[in-house]
Amino acid sequence: MLTKGPKGTKDLLPQDSYKWHYVENIIKELCDSFGYKEIRTPVFEHTELFERGVGDTTDVVQKEMYTFEDKGNRSITLRPEGTASAARSYIENSLYADPQPIKMYYLISCYRYEKPQHGRLREFHQFGIEAFGSKRPSIDAEIISLAIELLNRLGIVNLDLNINSIGCPKCRKDYNDKLKVYLKDNLEKLCKTCHDRYEKNPMRILDCKSERCKEITQEAPVLLDSICDDCKEHFESVKSYLDGMNIRYNIDTGIVRGLDYYTRTVFEFISKDIGAQGTVCGGGRYDGLIEELGGPSTPGIGFGLGLERLLLTMEAQGIYIPKPEPFKIFIANLGIKADAKAQTLVQELRKEGVSAEKDHMGKSLKAQMKYANKLGVHYTMVLGDDEINSGKAALKDMQTGETQEILIDELLDVLKMI
RNA sequence: GUGGGUAUAGCUCAGUUGGUUAGAGCGCUAGAUUGUGGCUCUAGAGGUCGUCGGUUCGAUUCCGAUUAUCCACCCCA
């Protein structure tokens, strides 16, 4: 137990961290060019924020939160997603008083008590963006286009973009009533899960995979056909902006996001390459959220993108991630005096921005060379008594095997020249 | 929360129809004439065969439980 991380967690090991840095750096550049600035909020929040924001009937809130009481008897929860915190901060810091829209992004860890499987962990990582203050459909399209651009820059292909509109709270209530009337006669024929869904979230029944439920819902009214004129117009406009940007999408009238705050535009990016948990990115509009949390009535839209799932997709598609640059030079040494000199030299090189390494294991010269080879260094230099006394040493190119004699004092200049 | 699979070396996996000292490849460490890597060869270290219990003269092997892990449902990123 002591030497085993908690269930559903995964260490990122030193030899793999460059993969995450690669993706994170591309994300940062991308957000920069789109004008989204980073926000950092705490890992934990008051439990009530998620109950109110995400919705206390959702699975996430009802059975997946890491909630505990702190020593001051406050109920605290490890964030299960990022939007609620961003919204809280927007209100708390009066960002609504600044010129709108407020555009932000975050790279965070999230926590949900779930049963782990492929593409699903208890601690997972999200890249998310949020735009507060604009109700116009062009911002919906911009948010989607940012995700598209990220996938393009990473070289990911074969992700389906599905979009839908789930209307405003008013059209959704009307629709739910309509749907319940339709389903009422067949209530007993639905699977157990859907039977439960009938009261809780009838729209989810449309998404059920059981054949019987599919049959029953085949003729059910479609939400997209039932939304109000304003919502319809908004959706049409989003689509035409996407068309204008050459973004291909499917309209999936079955998309029902599992968090309560969503309104109007909702969308998902699905990967077929990573098993059952294929939703790499999911998001949508949340025009009621800020007000629900006690702020001024403010529209907003954003998405969350699962970094583990993104990396899994890249791996499945065989996308190459550039490996970090190896050391420029390894300075091997023999004897106490040479070791001290090597230590000094390495420090001087590093100070000047030249990556350098030496032995710290007391290895034999041969073993040091082997080690240097394994590190993939460009050059090696051997220091022994002879070199210390003469002030000259052989600089060896590990690719060609060629050596050239140089003055030890000029090592930095020589390395900077090649 | 429900269902199914798996558990032998650091990693990937053989294997024992129940029987003395449990194997391979890779990796790691050391060596193949004096102070030079890659290729090759040799040697070494490393496992209470996930844990507990049962059957048995004897269990790593059969049975049960438990834990971990993987996959799917559910849910979502």
Side-chain angles (χ1 to χ4, degrees), chain A residues 1 3-10 13 15 54 58-65 79-83 107-128 147 191-194 196-197 200-201 204 207-210 255-259 262 266-271 274-283 302-313 330-335 338 361-387 393-403:
Chain A
M1 266 296 155
T3 53
K4 181 86 194 79
K7 196 188 192 74
T9 64
K10 221 170 193 173
L13 299 177
Q15 63 264 30
V54 175
T58 60
D59 272 20
V60 169
V61 168
Q62 278 190 342
K63 40 190 206 197
E64 294 175 1
M65 294 210 299
R79 62 179 167 220
E81 55 99 56
T83 301
L107 288 161
I108 56 171
S109 55
C110 297
Y111 303 84
R112 291 184 199 172
Y113 190 84
E114 296 209 66
K115 205 156 168 188
Q117 70 183 75
H118 194 57
R120 192 169 74 184
L121 293 167
R122 289 184 175 179
E123 181 188 58
F124 62 102
H125 297 80
Q126 269 194 9
F127 158 52
C191 73
K192 199 194 163 302
T193 316
C194 285
D196 295 343
R197 284 164 170 159
K200 209 173 91 181
N201 192 351
R204 274 233 158 264
D207 213 18
C208 186
K209 285 170 186 111
S210 119
I255 295 184
V256 182
R257 310 252 73 229
L259 311 183
Y262 286 115
V266 289
F267 58 91
E268 296 173 340
F269 288 81
I270 312 279
S271 169
I274 56 170
Q277 306 301 317
T279 307
V280 171
C281 174
F303 68 66
L305 185 148
L307 291 175
E308 282 85 357
R309 291 181 187 179
L310 189 74
L311 268 308
L312 282 175
T313 304
F330 184 94
I331 301 180
N333 70 80
L334 287 156
M361 297 298 291
K363 286 186 212 272
S364 70
L365 178 63
K366 196 188 181 84
Q368 290 183 57
M369 291 302 289
K370 275 192 172 186
Y371 183 62
N373 184 59
K374 238 160 248 162
L375 291 175
V377 302
H378 292 148
Y379 299 96
T380 52
M381 192 172 79
V382 178
L383 289 188
D385 289 341
D386 295 349
E387 286 80 4
L395 184 67
K396 180 171 186 174
D397 184 323
M398 293 296 275
Q399 211 114 71
T400 63
E402 286 163 10
T403 61

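Numbered from 1 within each chain, the chains take letters A, B, ... in sequence-line order.
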Kindly say whether, by distance alone, the side chain of [X] makes a donor-acceptor pair under 3.5 Å with the base of [N]?
X: A:K396; N: B:rG37; value: yes
X: A:Q62; N: B:rG1; value: no
X: A:K115; N: B:rU2; value: yes
X: A:E64; N: B:rC75; value: no
X: A:R120; N: B:rC70; value: no

On a whole-Å scale, what distance lies between the [atom1] atoms belonging to [N] and [M]?
N: B:rG27; M: B:rU36; atom1: P; answer: 23 Å
N: B:rG38; M: B:rC52; atom1: P; answer: 44 Å
N: B:rA65; M: B:rG3; atom1: P; answer: 13 Å
N: B:rU21; M: B:rC63; atom1: P; answer: 25 Å
N: B:rA77; M: B:rG64; atom1: P; answer: 40 Å
N: B:rA22; M: B:rC26; atom1: P; answer: 22 Å
N: B:rG58; M: B:rC13; atom1: P; answer: 35 Å
N: B:rA32; M: B:rA24; atom1: P; answer: 24 Å

Using a heavy-atom cut-off of under 4.0 Å over every strand shown, decide if [X] touches base, sugar-phosphate, or nothing.
X: A:G128; value: nothing
X: A:L383; value: nothing
X: A:V280; value: sugar-phosphate
X: A:E387; value: base
X: A:Q399; value: base

Has A:K10 got more than 12 heavy atoms of other residues, nucleotides or ligands less than 6.0 Å from its NZ? no

More than 12 heavy atoms of other residues, nucleotides or ligands under 6.0 Å from CD of A:Q15: yes or no? yes

I need the [X] [atom1] to [Y] [atom2] distance, nearest 0.5 Å.
X: A:E123; Y: A:Y113; atom1: CD; atom2: OH; answer: 15.5 Å
X: A:E268; Y: A:I255; atom1: CD; atom2: CD1; answer: 4.5 Å
X: A:L383; Y: A:N333; atom1: CG; atom2: CG; answer: 7.0 Å

Non-hydrogen atoms of A:T380 and A:M369 that approach each other most closely: OG1-CE, 3.7 Å

Any side-chain N or O of [X] under 4.0 Å from OP1/OP2 of [N]?
X: A:K363; N: B:rA30; value: no
X: A:K374; N: B:rC28; value: yes
X: A:K7; N: B:rU69; value: yes

Nearest-Å distance, [atom1] ([X]) to [atom2] ([N])?
X: A:I108; N: B:rC76; atom1: CD1; atom2: P; value: 17 Å
X: A:E114; N: B:rA72; atom1: CD; atom2: P; value: 13 Å
X: A:E308; N: B:rC70; atom1: CD; atom2: P; value: 13 Å
X: A:Q15; N: B:rC11; atom1: CD; atom2: P; value: 12 Å
X: A:L13; N: B:rG27; atom1: CG; atom2: P; value: 19 Å
X: A:D59; N: B:rA77; atom1: CG; atom2: P; value: 12 Å
X: A:K366; N: B:rU29; atom1: NZ; atom2: P; value: 14 Å
X: A:Y111; N: B:rC76; atom1: OH; atom2: C1'; value: 17 Å

Assigned partner base of [N], Watson-Crick or wobble definition, under 3.5 Å:
N: B:rC13; value: B:rG23
N: B:rA7; value: B:rU67
N: B:rA72; value: B:rU2

Using the rule for Phe, Tyr, His and the six-membered ring of Trp, do A:F124 and B:rA77 stack at under 5.5 Å and under 30°? yes

Can you tell me which nucleotide in [options] comes closest to the side chain of [X]?
X: A:L259; options: B:rC74, B:rC70, B:rA77; result: B:rA77
X: A:L365; options: B:rU69, B:rA72, B:rG35; result: B:rG35
X: A:K370; options: B:rC76, B:rG37, B:rC74; result: B:rG37
X: A:H118; options: B:rA77, B:rG37, B:rC71; result: B:rC71
X: A:Q117; options: B:rC73, B:rG35, B:rG37; result: B:rC73

Side chains of A:F269 and A:F303: does their closest heavy-atom pair fall under 4.5 Å? no

Can you check whether A:I274 reaches A:V280 side chain to side chain, under 4.5 Å on heavy atoms? yes

5'-most contact on RNA chain B (nearest-nucleotide basis), A:L307 vs A:K10, goes to A:K10

For A:C281 and A:I274, take the nucleotide of RNA chain B holding the closest heavy atom to each; which residue's nucleotide lies nearer the 5' end? A:I274

